[in-house]
Amino acid sequence: MKPINLLDVTDYVRRHGLRLLLWGLGFALAGYLVSFLIPPTYRASAVILPPEEDELSSSISLTRRSLGGLGGLGRIGSYFTEADIALAILRSRTVAEMVTQKFELQKLYRSKDFPTAVDRLRELVRVRIASDGTISVTVDDRSAERSANMANQFLAELDRENQKFRSATARRTREFLERRVAETDSSLRVAERLAAAYQSRKGALLVSPELRVSLDGASSLMAQKITAETELELLKQYASARSEEVKRLEARVAELRRQVGNVPAMQVGGAELLRDIGTRQEVLSILVPQLEQARIREAMDTPTIQVLDPAQPPTRRAWPRRAWIAAFGFIVGIIVFAAELPAQAGRLAGRR
């Protein structure tokens with residue numbers, strides 16, 4: 001058999017181009033008709049704005065921020081962001097189970113058990129974060145309206161979980177601060193009684209301006225130490241003892257303790273009592289506002305997310321894409337017909 005000549009193949013294609021086109025159109029038509037047998041799938045998306053760190057949750061420092069804010073979305077240090085937590089909640093099995101139960105998806109998906117329906121839903125949901133920080137939830141479903149409702153329900157579950165976590169964390173913070181405020185207030189009353197008893201025995205304590213400056217400085221330093229120790233104790237309830245934030249705060253506490261240890265003893269009688277009173281008063285001035293803010297955080301029921309684009313029932317199906325299927329069928333038809341060209345050209349060359 002003689003080798004196949006490219007010119008022969010080209011001539012064959014030219015002479016049979018109409019048949020080639022008809023084959024492609026035939027497969028395209030078949031694909032288009034088959035696409036009507038495929039159940040339609042609709043895709044709806046809901047978008048929320050980037051979760052914000054409010055003033056209360058952006059820092060754990062007692063001297064700068066509210067401890068009650070730790071419940072916002074649970075951020076500790078710089079290890080993860082509010083967006084990270086929102087993504088984790090939206091992708092969690094807990095939220096998927098709530099949505100599956102609400103929409104009775106086990107019956108809808110004809111699943112043998114509830115966990116299988118949950119897994120099926122998680123396959124049909126995509127949670128993504130865009131470069132601008134917005135978070136989208138996309139749900140595929142056979143019903144356009146149900147796909148939108150489920151996407152919106154995911155956001156509702158995110159808000160519900162956020163509020164539960166915020167309230168629980170704020171409650172722990174409030175209970176912790178209540179104990180510390182009570183302890184500090186009790187020790188302040190004891191110091192005030194001791195000072196009153198001293199004055200009743202020795203008379204009124206006169207403090208010079210120089211000594212007052214020294215007392216205020218020592219009281220402020222001791223208050224910083226007590227505040228940092230309180231901050232560290234609270235932080236350890238939320239973060240690992242090996243975390244960078246804990247180690248940083250431990251180093252700060254150690255330095256403050258060293259500085260307090262270097263404070264000279266007061267030579268004037270009763271001056272140390274005044275210093276203790278000033279220290280506890282300054283600590284209370286810090287803790288009491290934080291306690292009130294923690295109580296407010298615990299009682300808050302405001303939304304924790306801002307919905308930018310709520311999901312709307314899509315007007316066009318996501319699948320099947322009939323134009324794509326027809327185009328694919330056209331290409332397949334041409335390939336199938338073209339597969340016969342070498343044999344046809346070979347027979348043509350043999351006859352010559």
**Student:** Say whether, by atom type as modelled, one donor and one acceptor occur between the side chain of Ser92 and the main chain of Ile89 under 3.5 angstrom.
**Tutor:**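 Judged by distance alone, yes, a pair lies under 3.5 Å.
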**Student:** Under 4.0 Å between a Lys/Arg side-chain N and an Asp/Glu carboxylate O for Arg120 and Glu123?
**Tutor:** yes
**Student:** Ignoring hydrogens and angles, tell me if any N or O in the side chain of Asn152 forms a donor-acceptor pair with the backbone of Ala311 under 3.5 Å.
**Tutor:**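 Looks like yes, one N/O pair under 3.5 Å.
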**Student:** State, with a plain yes or no, whether a side-chain heavy atom of Val288 is found less than 4.5 Å away from one of Leu177.
**Tutor:** no
**Student:** Quick check on Arg128: does its CZ atom have over 12 non-hydrogen neighbours (other residues, nucleotides or ligands) under 6.0 Å away?
**Tutor:**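 Result for CZ/Arg128: open.
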**Student:** Are more than 12 heavy atoms from other residues, nucleotides or ligands located less than 6.0 Å from atom CZ of Arg93?
**Tutor:**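 Enclosed.
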**Student:** Check Arg280 with Asp185, please: is the shortest side-chain N to carboxylate O separation under 4.0 Å?
**Tutor:** no
**Student:** Would a hydrophobic clustering, with Ile, Leu, Val, Met, Phe, Trp and Tyr connected at side-chain separations under 4.5 Å, put Phe103 with Leu158?
**Tutor:** yes
**Student:** Under a 3.5 Å distance rule, please check whether Asp159 uses its side chain to pair with a backbone N or O of Thr304 as donor and acceptor.
**Tutor:**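 Side chain of Asp159 to backbone of Thr304, a donor-acceptor pair under 3.5 Å: yes, one is there.
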**Student:** For the pair Arg179 and Glu175, find out whether any cationic side-chain nitrogen is under 4.0 Å from an anionic carboxylate oxygen.
**Tutor:** no
**Student:** Less than 4.0 angstrom from a charged side-chain N to a carboxylate O is my criterion; do Glu244 and Lys247 meet it?
**Tutor:** no
**Student:** Does Ile48 reach the side chain of Leu308, with side-chain heavy atoms less than 4.5 Å apart?
**Tutor:**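 No. Closest side-chain heavy atoms not under 4.5 Å.
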**Student:** Would you mind reporting whether Thr100 and Phe114 have side-chain heavy atoms less than 4.5 Å apart?
**Tutor:** yes
